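Notes follow once the structure below has been shown.
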Amino acid sequence: PAKYGVLIQGYGWAGLTDAAIDVLDQMVRAGREPNEKHYGCLLNALLKEKQFQAGQTILNKMKRAGLLLDVVTYTTLIDGSCKAGQIQIACNFLDEMLQSGIKPNLVTYTALFNGLCKANEVDKAMRVLRELTDLDLDTVAFNTLMSGLCDNSHVNAAYDFFVEMTNKGHKADARTYAILVGGLCKVKRFEDAEKFAEEALAKGFVFEVAICATLLESLCLEARGSEACTLMSRLLSHDNIPD
RNA sequence: CCCAGAGUGGACA
């Protein structure tokens, strides 16, 4: 039953949107009515390839087929709109979904937060977050906001947010540290950056080589070679291999 | 009965 879905997903993943659309058409011809997952999957592929016109067509087809949009489809639309730089359209979809009685979930909000962050509107994202007192953030949402704060020269706020969230028991993962360390390096707070890099290593985030290499590079650029060397040796003692 | 669709990072360069 998932055969067509897998095909659509596969073609979409490969960026072969025409082929993906074809699969959907074939389904209809074969008398197998596509469901919201088939449409949603195709929509996602189209939006990722920035084929908004085709996306609109599919959306219309879906509605004509009498299918109602669900949370996932709305989230796909909101994310796609945001990534196209159309925050307003994303907000319209959010309104539409609320009016249809569909409750946005954490993924929906994260997509929106990400859009706001990328549009230099972290403040708005944080405001929305504070209003949604019953929204429990997961690591992805946490990282999204962290990166928004770092990208919008609110590193202090990012720092505070990090402390606040970890105190609340939210766990930071390798990406969280990468974001924070990168943000701190950006404003040349190398001591703090190094502190968090160490913390990340202590937590066993082996994948932190990437950010540590980044940090090392920063230190070198700042003509602080000795510090870079110190850090380098510490990295090696953690069995990491910086580039 | 379950199994297909949605969200996050890497500054400087």
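Note: hydrogens, waters and symmetry copies are ignored here, and every other heavy atom, side chains too, is used. These figures come from a predicted structure and were not determined experimentally. To find a chain, count down the sequence lines: A is the first, B the second, and so on, and within it residues start at 1.
- No engagement by L112(A) is indicated, since no non-hydrogen atom pair under 4.0 Å with the nucleic acid exists.
- With sequence neighbours excluded, no residue forms a salt bridge (charged side-chain N to carboxylate O under 4.0 Å, His left out) with D22(A).
- Between the side chain of N152(A) and the backbone N or O of H154(A) there is no donor-acceptor pair closer than 3.5 Å.
- At a cut-off of 3.5 angstrom, counting only N and O atoms as typed in the model, there is no donor on one side facing an acceptor on the other between the side-chain of D151(A) and the base of A11(B).
- Among the heavy atoms of the strands, none lies under 4.0 Å from T176(A).
- Residue contacts for A45(A): at a heavy-atom cut-off of 4.0 Å it reaches no nucleic acid atom on any strand shown.
- The separation between F142(A) atom CZ and G9(B) atom P is 15 Å, rounded to whole Å.
- With hydrogens and angles ignored, a donor-acceptor pair under 3.5 angstrom links the side chain of D70(A) to the base of G5(B).
- Side-chain rings of F142(A) and F113(A) stay apart, their centers remaining 6.0 Å or farther from each other.
- Within 4.0 Å of T110(A), counting heavy atoms only, lies at least one base atom of the nucleic acid.
- Using a distance-only test at 3.5 Å, with no hydrogens or angles considered, no donor-acceptor pair links the side chain of N60(A) to the main chain of K63(A).
- Residue contacts for K186(A): at a heavy-atom cut-off of 4.0 Å it reaches the sugar-phosphate backbone alone, with no base atom in range.
- Taking only side-chain nitrogens and oxygens, K48(A) comes nearer than 4.0 Å to OP1 or OP2 of G7(B).
- Backbone-only contact: T76(A) has heavy atoms under 4.0 Å from sugar-phosphate atoms and none from a base.
- Checking the phosphate oxygens (OP1, OP2) of G5(B), a side-chain nitrogen or oxygen of Q9(A) falls inside 4.0 Å.
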